[in-house]
Amino acid sequence: MTADTNTSRPLDFIRERVRADVAAGKHGGNVVTRFPPEPNGYLHIGHAKAICLDFGVAEEYGGHCNLRFDDTNPTAEDTEYVDAIERDVRWLGFDWGGDALYASDYFDQLYEWAVELIRKGKAYVCSLSPEEARAYRGRWNEPGRESPYRNRSVEENLDLFERMKNGEFANGAHTLRAKIDMSSSNMNLRDPVLYRILHAEHHRTGARWCIYPMYDWAHGQSDAIENVTHSLCTLEFEDHRPLYDWFLDHIDGIHRPVQIEFARLNLTYTLTSKRKLRRLIDEALVDGWDDPRMPTLTALRRRGCPPEAIRDLCARVGLTKNDSVVDLSQLEFAIRNELNRTAPRVMGVLRPLKIVIENYPDDLVEELDAINNPEDASAGARKAPFSKVLYIEQDDFRRDPPRKFFRLAPGREVRLRYAYFITCTEAIEDEDGNVVELRCTYDPATRGGDAPDGRKVKATLHWVSAAHAVPAEVRLYDRLFNHPNPAAAPGEIEDHLNPGSLEVLKDCRLEPSLAEAAPGARVQFERLGYFCVDPDSTPDALVFNRTVTLRDTWAKIERAQKQKMAGKRPAAAEPPRTPVKPG
Ligand code: ATP
Ligand code: MG
């Protein structure tokens, strides 16, 4: 195996092939690839694998990758999707140089080539109804039957095809089919349809056409028109390759790309099908294509996932010829890995519990030094204001601490990050017994975090100063499904939604440095996870989305699920951090 000189990773089978073609001087040593989305929905994480491959290979071999919209199905397509796809490809870090291309730009050429096939006796107008055509097609284990219209004369076919184009016939009245082999074991070769009649407005060509090319006809010929050298697509097109090649074989002087297939990216707990994602939206199970629980690129961006993490995941997953499922925790790992390097640390309290430091001067405010990123010295430091009244996390206090709970409890001493040791002297409760406020004392000698006498504490808590903190809404996102394979799970998709996939906390308090945080900014709330400022956030109404927790809390849940399925009693699985009802 040859290795990639940049990463010393072994080359995958596609790069091996491209490298060999370049070395052999095929196509003059040029490499042209394309990413061919249909503009009928938003791109998802699966598409990212294809994008990274198509653009990556072109970049690595000094070639070019086209963005080509496969816009041959006017009823499902829309410019909204064109714009979203362009935005998402750019966001991932790729550039197609110049304008995007469209299969619809080739409709005239495709029509001419279809006429060429008719003239050569390789295509005919078929007038079977859609139901009849289906019956004639046969089944995988049973040959099809030839259409009674298969032997129409070239003249009749040319005349009918032109009249199809001119709009003389109703939808479904005729199709143009290639004349190949109705008994082929490959269904794709049983006289496939090239054109169908569809009286529908197209988002680019308007009412100009009422016949539209089918995917197989448009796709390969578009590749040829664009001088694509390597047409990389997913495994479900493997059976289409003989047809891809047949078309090229029967058109004179056409450029010859090769089609190479690779396995799709599938992720556990995730749907990667536009059709199924659209269903989630139509049934209002999510808030739209950019609901941060969706696996679309626009949603991942909104949630705070950096594009580098997606590219890193795609590189790690690699290329194979077998479909497999990648654990979602690998994406979460890639996100943490990237954000650990790049996201500034800040303090934010999601479920505030007020504490009063009784021996701290009433009016004193100290500006304490807080480090922005221990992983990146160049990120510098900031000031965090400290005062007599603070908020800590409700979760960080227990009146009756269980074993191994080392955080704050009555009589116990802990460290406040960047500040002082404090000791809880009293827990104040409301009439229902909920702890609503703590009284504490602090040790002035511990400023900056250590005790001169060497005494130790077992916990360091995050906090904010009540008078300085800014209020915010924080949306805690988690996996949308609790079934590892939602597409194949029994029953309805609704049955497998994770009821905890979104929790909205309206009364969070964040350190004041976040007051002006701009939409899209990514931070780590210390001890809690990575968060990103929502696009709808304003300085008056801050909104943060949780991107990921700091640790993989699902590993335990999954172990418990497996044990349950194996019929064992699950070990007590600790759920992701939940609010602690004080008292
Ligand atoms: P979906 O099944 O979600 O509708 P699609 O294949 O119909 O996806 P297209 O817009 O046709 O969507 O896809 C554009 C390109 O992205 C195709 O070349 C396709 O092979 C590739 N692609 C789609 N899904 C995946 C995936 N899960 N993994 C890798 N590549 C994918
Ligand atoms: Mg497709």
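Remember, it's 1-based here, ligands and their atoms both numbered in the order they're listed. Source: prediction; values computed, not measured.
- Interface of His44 with ligand 1, defined as ligand atoms under 4.0 Å from a residue heavy atom, comprises 3 (O), 24 (N).
- Side-chain contact of Thr320 with Asn322: a donor-acceptor pair under 3.5 Å is absent, judged by distance alone.
- Salt bridge annotation for Asp290-Arg301: absent, with no cationic side-chain nitrogen under 4.0 angstrom from a carboxylate oxygen.
- Comparing Asn266, Thr234, Leu267, Leu232 by heavy-atom distance to atom 20 (O) of ligand 1, the nearest is Thr234.
- Each of the atoms 16 (O), 21 (C), 30 (N) of ligand 1 lies under 4.0 Å from some heavy atom of Ala50.
- Near Glu38, meaning under 4.0 Å from any of its heavy atoms, are these atoms of ligand 1: 9 (P), 10 (O).
- Exactly one residue among His255, Arg68, Gln221 makes a side-chain hydrogen bond (donor to acceptor under 3.5 Å, both in side chains) with Glu226. That residue is Arg68.
- In summary, the side chains of Asp239 and Asn188 do not present any donor paired with an acceptor at a separation below 3.5 Å, with no hydrogens or angles considered.
- For the pair Lys321 and Phe262, the cation-pi test (distance below 6.0 Å, angle within 45°) is failed.
- Taking only nitrogen or oxygen atoms, main chain and side chain alike, His47 reaches within less than 3.5 Å of ligand 1.
- When the options Glu236, His219, Lys276, Lys274 are ranked by their closest heavy atom to atom 5 (P) of ligand 1, first place goes to Lys274.
- One option in Leu265, Asn40, Ile51 has a heavy atom closer to atom 27 (N) of ligand 1 than any other, and that option is Leu265.
- Contact check on Lys122 versus Glu116 returns no salt bridge, with no Lys/Arg side-chain nitrogen under 4.0 Å from an Asp/Glu carboxylate oxygen.
- Each of the atoms 3 (O) of ligand 1 lies under 4.0 Å from some heavy atom of Ser273.
- The structure places CD of Glu59 at 9.5 Å from CG of Asp95, a figure rounded to the nearest 0.5 Å.
- Here Arg275 has no heavy atoms under 4.0 Å from ligand 1, in either its backbone or its side chain.
- For Phe262, no nitrogen or oxygen atom sits less than 3.5 Å from a nitrogen or oxygen atom of ligand 1, counting backbone and side chain alike.
- Checking His219 against Arg34 by side-chain atom types alone, a donor-acceptor pair falls below 3.5 Å.
- Not one N or O of Phe35 is nearer than 3.5 Å to an N or O of ligand 1, by distance alone.
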